[in-house]
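Quick one: the structure is below, and I'll ask about it shortly.
Order of the sequence lines fixes the chain letters, A, B, ..., with proteins taken first and strands second; residue numbering starts at 1 for each chain. All values below were derived from every heavy atom in this structure, side-chain atoms included, with hydrogens, water molecules and symmetry-related copies excluded.
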Amino acid sequence: MPIAKSQPHGVSRKSFPTKETGPSNPQLRRRLRAWYRRNARDLPWRRTADPYAIWISEIMLQQTTVAAVIPYYQRFLAKFPDIQSLAAADQQQVLRLWEGLGYYRRARQLHTAAQVIASQHGGEFPSEFDKILTLPGIGRYTAGAIASFAYDQRQPIVEANTARLYARLLALKLPLTSSAAQEALWGLAQAIVPARKPGEFNQALIELGATICTPRDPQCEQCPLIADCQAHRRGWQNKIPVPAKKPVIEDVTETAVAICANGRWLLIQRAADERWAGMWDFPRVKTPSHEQQQGNVLVADSQSHRAADIRTELHQRLGVTVRSLDEFVTIRHTVTRFRITLNCLQAEARLRQVAHPARWFDLPEMVDLPLTTPARRIAKKLA
DNA sequence: AACTCGTGGAC
DNA sequence: TGTCCAAGAGT
């Protein structure tokens with residue numbers, strides 16, 4: 001469970017360690033607001049006060065760039081303009097609209113949350129911070145964002161842009177993911193958010209982090225807070241925040257088989273406990289490999305999978321007898337900690353009964369399904 | 001506290 | 001080609 005709900009009125013100005021130029025300096029806030037009024041980008045979710053629309057945008061924006069989100073946001077709101085329409089939708093439609101955006105749990109929880117709001121909040125998005133925070137997929141940041149943007153409540157926010165900005169203002173040398181750093185960042189966020197128009201002010205903080213206080217080569221000369229920045233004062237703006245250590249990437253080779261029978265294709269629905277849960281994929285078989293670590297990468301040296309083995313496994317798992325087995329395409333796909341080389345084969349089979357999670361689809365049906373990213377690429381080549 | 005979960009753009 | 005990174009949440 002999330003911790004330490006913020007206390008909007010619990011922190012006095014004097015309680016935060018501050019100098020003349022500290023975060024409680026009203027000049028700082030005035031400069032930031034003035035800068036924002038001149039430099040704010042015109043983003044779709046800044047044109048609305050609808051908490052539903054703002055909610056959708058915040059979920060989509062989690063770990064996702066603005067440019068990637070915009071077309072998804074437009075399509076999603078066109079299809080599901082309100083909580084009721086989303087709550088009434090079936091999950092496959094929601095996933096289809098989310099396809100390509102990644103982190104699909106967001107879509108499933110968004111859908112669940114809409115149903116919770118419909119059944120438990122009278123269909124109206126809750127305005128109380130603690131109630132917002134209880135909804136699935138909404139954590140401390142997103143609850144604060146919705147509360148401040150949609151309801152203009154004084155709530156602090158810490159996300160990628162603001163975390164970097166705060167870390168530089170404080171010359172914070174800790175990794176941002178550490179609990180000590182998180183405490184400092186939320187402390188500053190709480191101290192800096194004003195009582196007047198906190199939503200606009202939080203947007204201004206994000207905007208400054210996104211466009212001026214960038215990860216690399218920040219444009220300090222254009223920053224309205226240059227005089228308040230401890231990192232700039234010490235010339236550390238390129239050393240803060242300190243990089244986190246990167247996880248080992250594993251190299252994986254798999255074989256996918258596009259099996260056709262009488263114009264229908266065999267797809268598998270991914271299980272709830274695996275990647276791309278609920279989405280459809282071409283059947284895959286593991287390619288035997290011998291992993292070996294090279295530097296920071298686990299490399300799989302894999303001999304090409306024998307056709308006879310693939311045929312046997314498909315028969316055992318799906319009860320399908322494959323006749324031909326031809327090379328099709330190879331897709332390289334990088335996911336969180338894996339670099340997947342997907343050898344795709346094309347095959348023909350007899351149309352036979354298959355049991356869940358497998359199913360046959362004709363081409364028009366297939367293109368309407370929520371497909372995994374590699375499966376979508378394959379489907380496009382088949383069409 | 002460390003992992004998991006995706007994808008595409010910038011450099 | 002590789003590396004970094006994004007309006008995080010859940011476990």
Expected output: side-chain Arg164(A) to main-chain Gly209(A) donor-acceptor under 3.5 Å: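 Indeed, once roles are kept as given, a pair shorter than 3.5 Å links the two residues.
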How long is the line joining OH of Tyr141(A) and P of dA6(C), in whole Å?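 Nearest whole value for this atom pair: 13 Å.
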When we call it a touch if two heavy atoms are under 4.0 Å apart, what does Ala160(A) touch: a base, just sugar-phosphate, or nothing? sugar-phosphate
What is the separation between atom CD on Glu58(A) and atom P on dA7(C), rounded to the nearest whole Å? 10 Å
Counting N and O atoms only, with roles assigned by atom type, does the side chain of Gln155(A) sit under 3.5 Å from a partner on the main chain of Phe149(A), one being a donor and the other an acceptor? no
State which residues pass salt bridge (Lys or Arg N to Asp or Glu O under 4.0 Å) with Glu221(A); sequence neighbours excluded, sorted by chain then number.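 Counting only residues at least two positions away or on another chain, Glu221(A) forms no salt bridge (Lys or Arg N to Asp or Glu O under 4.0 Å).
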Report the distance from atom OH of Tyr166(A) to atom P of dA7(C), rounded to the nearest whole Å. 13 Å
To the nearest Å, how far apart are Ile138(A) CD1 and dA7(C) P?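 Computing the Ile138(A):CD1 to dA7(C):P distance gives 18 Å.
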Can you find a side chain N or O atom of Lys246(A) that sits less than 4.0 Å from OP1 or OP2 on dT3(C)? no
Could you check how far CD of Gln109(A) sits from P of dT4(B), rounded to whole Å?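 That distance rounds to 18 Å.
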Option passing side-chain hydrogen bond (donor to acceptor under 3.5 Å, both in side chains) with Thr142(A) (candidates Glu58(A), Glu159(A), Gln62(A)): Gln62(A)
In whole angstrom, give me the gap between the C1' atoms of dT11(C) and dT7(B). 23 Å
Applied to residues 322-347 of chain A, the ring-ring contact (aromatic ring centres under 6.0 Å, His included) test, sequence neighbours excluded, yields Trp276(A)-His333(A)
What's Ser57(A) touching, base or sugar-phosphate or nothing? Going by heavy atoms closer than 4.0 Å.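 If one applies the 4.0 Å heavy-atom cut-off, Ser57(A) turns out to touch nothing in the nucleic acid.
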Mind checking the P distance from dC5(B) to dA7(C)? Whole angstroms is fine.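 Comparing P positions in dC5(B) and dA7(C) gives a spacing of 22 Å.
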Answer yes or no: is there a donor N or O on one side and an acceptor on the other, between the side chain of Gln269(A) and the main chain of Gly278(A), under 3.5 Å?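 It does hold such a pair.
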Tell me: CD of Glu159(A) to P of dA9(C), nearest whole Å?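 Value for this atom pair: 10 Å.
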Taking any heavy-atom pair under 4.0 Å as a contact, classify Pro136(A): base, sugar-phosphate, or nothing.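 Sugar-phosphate: the residue Pro136(A), judged by heavy atoms under 4.0 Å, touches backbone atoms but no base.
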Using a heavy-atom cut-off of 4.0 Å across all strands, would you classify Gln203(A) as base, sugar-phosphate, or nothing?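 It contacts base atoms.
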Pairwise 5' ranking along DNA chain B for Phe338(A) and Ser178(A), keeping only the more 5' one: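 Mapping each residue to its closest nucleotide by heavy atoms, the 5'-most match is Ser178(A).
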So what does Arg164(A) touch, heavy atoms closer than 4.0 Å: a base, only the sugar-phosphate, or nothing? sugar-phosphate
Nearest-Å distance once atom P is located in both dA9(C) and dG8(B):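 These two P atoms come out 23 Å apart once rounded.
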Using whole Å, report how far CG of Leu135(A) lies from P of dA9(C).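 Distance, rounded to whole Å: 12 Å.
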Sugar-phosphate or base contact per nucleotide [nucleotides 6-11 of chain B; S, B, -; heavy atom under 4.0 Å]: BB---S
Pair Arg47(A) + Asp42(A): basic N to acidic O under 4.0 Å: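 Looking at Arg47(A) and Asp42(A), the cut-off is met.
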So does Arg140(A) get a side-chain nitrogen or oxygen closer than 4.0 Å to the phosphate oxygens (OP1/OP2) of dG8(C)? no
How close or far is atom P of dA9(C) from atom CE of Met60(A), stated in whole angstroms? 16 Å
Would you say CD of Glu124(A) has more than 12 non-hydrogen atoms from neighbouring residues, nucleotides or ligands within 6.0 angstrom?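 Check fails, neighbour count at 12 or below.
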